[in-house]
There are 2 protein chains.
Amino acid sequence: MASIKDIAKQAGVSISTVSYALNGSSKVTEETAAKILAIAKELNYVPNAAARSLKKRETKIIGVFLTNYGGAFYGQLLQGIQEALNRKGYEMIVCSGKESHRFIPERMIDGAIVLDYFFSSEELIKHANAGHKIVVMDRELTHSNINQVLLHNTSGATLAIDHLIEKGHRKIYAVSGPEGSYDATQRIEAVRQAVKRYADIDYHELPGDFNKPAGEKAAEQIVKEFTEPAAVFCLNDEMAIGMYNYLARTKYEVGKDIHIIGFDNIELTQYTSPRLATIDYSERKWGAVSAEHLLKLIANEPVEHERIYVTLIPGGSVQNV
Amino acid sequence: MASIKDIAKQAGVSISTVSYALNGSSKVTEETAAKILAIAKELNYVPNAAARSLKKRETKIIGVFLTNYGGAFYGQLLQGIQEALNRKGYEMIVCSGKESHRFIPERMIDGAIVLDYFFSSEELIKHANAGHKIVVMDRELTHSNINQVLLHNTSGATLAIDHLIEKGHRKIYAVSGPEGSYDATQRIEAVRQAVKRYADIDYHELPGDFNKPAGEKAAEQIVKEFTEPAAVFCLNDEMAIGMYNYLARTKYEVGKDIHIIGFDNIELTQYTSPRLATIDYSERKWGAVSAEHLLKLIANEPVEHERIYVTLIPGGSVQNV
DNA sequence: ACTATAGCTGTAAACGTTAACATTGTATAA
DNA sequence: TTATACAATGTTAACGTTTACAGCTATAGT
């Protein structure tokens, strides 16, 4: 509650001198500065964020927009963002929900990192037009104030399909993702391209939405039309887990009757039995790169879009047929 | 970027009239208000958060402080907090890391919900002394500006031990939590009380830190001194999972040789085999209650401390012996 | 001794709001 | 007709900073 004014009064100097002293300006004598610092500490002075950002027109805070907090999924990602930001003197806040979008136009944050399905591209572009800097992790958006840091979905999906083929599978299902999802679209498109390269594939597509129940539903369908061992590429691990759950209640075995590969390498996959084969990428790096790109955008430095590479993690869920 | 001043100029009125109109004051003619609103919309006007909170001395934002984002643990909790806050016109931001603590004295937020092992109680009390309102979810702290919303650790731990006893176990291990953790201290204390009620218990305590490796290490120890089937109460699920992992690499079977019960009912427990017995509570409710209490604290309404009740979830990991 | 210069410190405007208070105009009552 | 009240709008100070600029003092150069 103590303000710069209180310090000035107690130190017998003007508020500007206090301000300079607190900001380490060389304009103030060491002696004066020391006295001011001491009084500031004594009064438990902390600068008022609102006043400072009103004047400086920046907050040194970056907002990360997430659809929801479910799943261990975001842990490493946020860690990566946070570390990269702190290194440059920025703070991170995590926001979720439509209402929090207002932080951008209200200038509560200096930039936004978006991984939020519910954040419409029109809205993002509106904010970009108003001069706000944004990094998107879940869509392609071309704008001078927007940078993309995306997963290499295409090569991931190709890796997955190639792995199934290598293991001798010819009957292949893909369980898709939600309608508007960029990741889902890219992955399914890559799958279609990949299977096209082989003449003898018996390829089927099942709808999905990236959640467990969709995986269960897909499993139900696959079981219903079961004739011979089949392989399934679930476009994310979550649905693969759902599929495990459903199959556990049937006589069909994962890695024997139904072979499954996922995408994301979420923590849970390590505890599935047999271990889920999946596509992995460094969440931490994905986050760090996004943060770095955003800061460059803010500093008006040139930045290129970037894609994060992915690798195949084999597992007992996909075996030779 | 358009400010109230731009609107005033274009509408040919004073800035105060604009302010009143935008805030829906009845002081302004409907006609004038309509004109002003129209111009505001046309100029894409959004109030500047810094200016507003500088003047109003409030931000309508609540900060939730978490140690880290690892684990699916916080998902429902945050959801609960967010819903409760939004209902009352507040926004939630999630903060992590020591630096973010400054949001409190800087008045960036109107209140704090703390579930952060690294946030020292001295620091919290200092902030409370400065008039800031805080709800703690991970410690007992008595202060007029601090409210506690805690888990009913004691009854949870008692439920766990009683369950093991009911199942006929007499050789019982407890794997403890980290040194300074409030939850850990409460739980282990309750365990000691509980086993004291039975004369014939062969009780052992093993150190732990709430992480998987600690569970593995404890499992190693238990296996080393294995003579007969034993039961283990891991003070959280995370360590129980670590124990599963270790035992999977041995000849000992969970639910047969080693019986395990955890605490928290994290999502992962549903995918362990056999299912992990554990202690459950509603994360969502825990979050919602915390948020409600904080808002009451802010409104200077009376609030009592609260404890969230817990229940036993049986599982194949604990069977009759 | 006088001026120029450098080094500190002070003055004041500005950032964008809100809200108390002042002013103006108009309708109502005496 | 004039005082009175009230409704609508305007003026202004304040919130707590930062920072351009002005002012002062002491030192150094002539």
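Reminder, nothing fancy here: chain letters follow the sequence lines and each chain counts from 1.
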How close or far is atom [atom2] of [N] from atom [atom1] of [X], stated in whole angstroms?
X        : N      : atom1 : atom2 : result
B/Met108 : D/dG16 : CE    : C1'   : 15 Å
B/Lys27  : C/dA19 : NZ    : P     : 9 Å
B/Leu54  : C/dT17 : CG    : P     : 12 Å
A/Ile4   : C/dG10 : CD1   : C1'   : 13 Å
B/Arg57  : C/dT17 : CZ    : P     : 18 Å
A/Arg52  : C/dT17 : CZ    : C1'   : 20 Å
A/Lys55  : D/dA20 : NZ    : C1'   : 9 Å
B/Ile15  : D/dT9  : CD1   : P     : 15 Å

### Query
Given that B/Ser26 and B/Lys56 both sit by DNA chain D, which one's nearest nucleotide is further toward the 5' end?
B/Ser26
Base, sugar-phosphate alone, or nothing: which one does [X] contact when heavy atoms must sit under 4.0 Å apart?
X       : result
A/Ser16 : base
A/Val18 : nothing
B/Ser19 : base
A/Ser53 : nothing

Counting just side-chain N and O atoms, does [X] come under 4.0 Å of either OP1 or OP2 of [N]?
X       : N      : value
A/Ser14 : C/dG10 : yes
A/Asn48 : D/dC15 : no
B/Thr32 : D/dT9  : yes

#### Entry: pair A/Asp110-A/Ile61: side-chain heavy atoms closer than 4.5 Å
no
#### Entry: From B/Ile4 atom CD1 to B/Ser14 atom OG, the distance as rounded to the nearest 0.5 Å
9.0 Å
### Task
Classify the side chain of B/Tyr20 and the base of D/dA7 as holding, or not holding, a donor-acceptor pair under 3.5 Å.
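There is none.
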### Query
Are side-chain N/O atoms of A/Asp6 and A/Tyr45 paired as donor and acceptor at under 3.5 Å?
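No, because no side-chain N or O of A/Asp6 sits under 3.5 Å from a partner of the opposite role on A/Tyr45.
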### Query
Angle class for the B/Trp286/B/Tyr281 ring planes (parallel below 30°, perpendicular above 60°, tilted otherwise)?
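Taking B/Tyr281 first and then B/Trp286, their aromatic rings stand perpendicular (interplane angle over 60°).
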### Message
side chain to side chain contact (heavy atoms under 4.5 Å, CB included), that's the test. Do A/Leu297 and A/Asn145 meet it? Break it down for me.
### Response
CA-CA 7 Å; A/Leu297 218 48; A/Asn145 285 332; 5.6 Å; no
### Message
Counting only side-chain heavy atoms from C-beta out, which of C/dG16, D/dG10, C/dT17 sits nearest to B/Val13?
### Response
D/dG10
